[in-house]
2 protein chains.
Amino acid sequence: MDRIQLQNSFEAYFNELGYDIDWQRLTVPMEVHVIQKGDYLFQQGDAANRLYFLHSGLMRYVSVSDEGKEFTQTFAKSPRIIGSTKAMVTETRVLFGIQALENCMVSSYPWQAFYAQMRHDMGFLECYARFLERIFIIKEERENAFVKHSAERRYLDFCAAYPELKNTLPQQQIASYIGITPVALSRIRQKLKLSQG
Amino acid sequence: MDRIQLQNSFEAYFNELGYDIDWQRLTVPMEVHVIQKGDYLFQQGDAANRLYFLHSGLMRYVSVSDEGKEFTQTFAKSPRIIGSTKAMVTETRVLFGIQALENCMVSSYPWQAFYAQMRHDMGFLECYARFLERIFIIKEERENAFVKHSAERRYLDFCAAYPELKNTLPQQQIASYIGITPVALSRIRQKLKLSQG
DNA sequence: TTAGGCAATTAACCTAGGTTAATTCTTTCT
DNA sequence: AGAAAGAATTAACCTAGGTTAATTGCCTAA
């Protein structure tokens, strides 16, 4: 995949929302990142004020607490935009790292420069709003699940939401997505196995 | 406060972000809601696809689980936009109710009609993006606090973030914001009192 | 083929926070 | 002022999930 193709599929991803975007405005140079399985696109605490696009592969957002506990905020499957909205917008350090769970191909633009050019495009602004609405809603639903449901229920919901990841992902990562330890997850799986024959 | 004044302060709130917005476009009629302390602007499960603006007073977003547990997602102090982005945008039922903690004055517009008119205004689109960025970042930070910090730490953070609410709000509500029971909060306060003389 | 290393399970024990209920302290209403 | 209702505290007990560690299974590399 060469740069032109990457650029095209990035644009196509936006265009699919149905707004008319004039991509000629965009002249800031794109960067390409090839991330090997297990490696990080960026680490918690970095200054990651870029807009990233995941062309191929699977990644996870992982934040680690002071005591060294890992928490998986999200799994991200290509194609989609990835990165930290907070770090992009407020120029602060990022609260989580993004790790490749498979070999990944990512492209990126520096957000400030990108936005400075594209903000004059109505279609882009609407796309961006749709994007923000979507990620907000997802966060809200996840918050809801966390405060209203037990770990067992969250595990079942995970299985329903990500049937393909359920069997391929190491259970440590599933546990850290649910917000419990691998030991606790194992216990829950054991219990579920018994209770349904 | 008459309708014109309400309209003006609504517009002023947006204008403060520094974008140029042509409010002449907006012709959908505004509604006014006066909510008494303790009452709800809308209840969990309602269809609340309106854009609300809190002119005066204090409210909280509260969602209740199947088992009847209350969880306070946010406290909202005027002036600010309130409501459910998810319910507005996706026309689904709202996941939480909004309750007045003081007597409140709220105005509102039906979101679809409002957006249909204002989406042609560049300044508005940018404002809306700033708004979405902000609420997303706040959610992200709260998620972070929940998964990384203990209840005790979350209480201390609450006290630092809302010094004025700390003493005026009933502790049940503080507890439900932190995600624990009033009994547990009382225990934590007791412990803190001892440990610092 | 086997040794080394990691992932998952299991068991024993621990702890933060939930539950219930009794007690005290505050409001508020008459 | 006194009664009634609600808010906060305290205590006793319970439970989900954390912690540590031993055991088993699986994969890979020599």
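Keep in mind that this is a model prediction, so the values were computed, not measured. Here is how names work: the chains are called A, B, and so on, in the same order as the sequence lines, proteins then strands, and each is numbered from 1.
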Checklist entry - So where does chain B start and stop touching DNA chain C, 5' to 3', when the test is distance under 4.0 Å to a non-hydrogen atom? => result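 Answer, 5' to 3': C/dG17 to C/dT20.
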Next on the checklist: Looking at D/dT9, I'd like to know if its phosphate oxygens (OP1 or OP2) sit under 4.0 Å from a side-chain N or O belonging to B/Gln171.
Outcome noted: yes
Checklist entry - D/dT9 C1' sits how many Å from B/Ile180 CD1, rounded? => result 14 Å
Next on the checklist: Taking salt bridge (charged side-chain N to carboxylate O under 4.0 Å, His left out) as the cut-off, I'd like each qualifying pair that reaches into residues 156-165 of chain A, sequence neighbours left out, listed once.
Outcome noted: A/Arg153-A/Asp157
Checklist outcome for this item: So the salt bridge (charged side-chain N to carboxylate O under 4.0 Å, His left out) pairs with at least one residue in residues 55-68 of chain B (sequence neighbours excluded) are B/Arg60-B/Glu70
Validation: residues 107-114 of chain A side-chain donor-acceptor distances under 3.5 Å, sequence neighbours left out:
residue  : atom : partner : partner atom : Å
A/Ser107 : OG   : A/His55 : NE2          : 2.8
A/Ser108 : OG   : A/His33 : NE2          : 2.7
A/Ser108 : OG   : A/Arg50 : NE           : 2.8
A/Ser108 : OG   : A/Arg50 : NH2          : 3.2
A/Tyr109 : OH   : A/Gln7  : NE2          : 3.2
A/Gln112 : NE2  : A/Met88 : O            : 3.0
A/Gln112 : NE2  : A/Glu91 : OE2          : 2.8

Item to check | Lys NZ or Arg CZ of B/Arg142 over B/Tyr177 ring: under 6.0 Å, within 45° | outcome: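 Ring-cation test returns yes.
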Next on the checklist: Less than 6.0 angstrom from the centroid, inside 45 degrees of the normal: does A/Arg119 satisfy that with respect to the ring of A/Phe124?
Outcome noted: no
Just to be sure I understand the rule, does [X] reach a base, reach only the sugar-phosphate, or reach nothing, if contact means heavy atoms closer than 4.0 Å?
X: A/Arg189; answer: sugar-phosphate
X: B/Pro182; answer: nothing
X: A/Gln190; answer: sugar-phosphate

Checklist entry - Do A/Arg80 and A/Tyr13 touch side chain to side chain, with heavy atoms closer than 4.5 Å? => result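 Touching, per the 4.5 Å side-chain cut-off.
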Item to check | Selection residues 78-97 of chain A - residue pairs positive for ring pair (Phe, Tyr, Trp, His ring centres under 6.0 Å), sequence neighbours left out | outcome: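 Residue pairs passing ring pair (Phe, Tyr, Trp, His ring centres under 6.0 Å), neighbours aside: A/Tyr61-A/Phe96.
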Next on the checklist: If you assign B/Val183 and A/Ala184 each to the DNA chain D nucleotide with the nearest heavy atom, which residue ends up on the more 5' nucleotide?
Outcome noted: B/Val183
Checklist outcome for this item: Only one of B/Leu54, B/Leu6, B/Ile98 passes side-chain contact (heavy atoms from CB on, under 4.5 Å) with B/Val106, and that residue is B/Leu54
Item to check | Contacting residues from residues 157-167 of chain A, given that a heavy atom lies under 4.0 angstrom of DNA chain D | outcome: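 By residue number: none to list.
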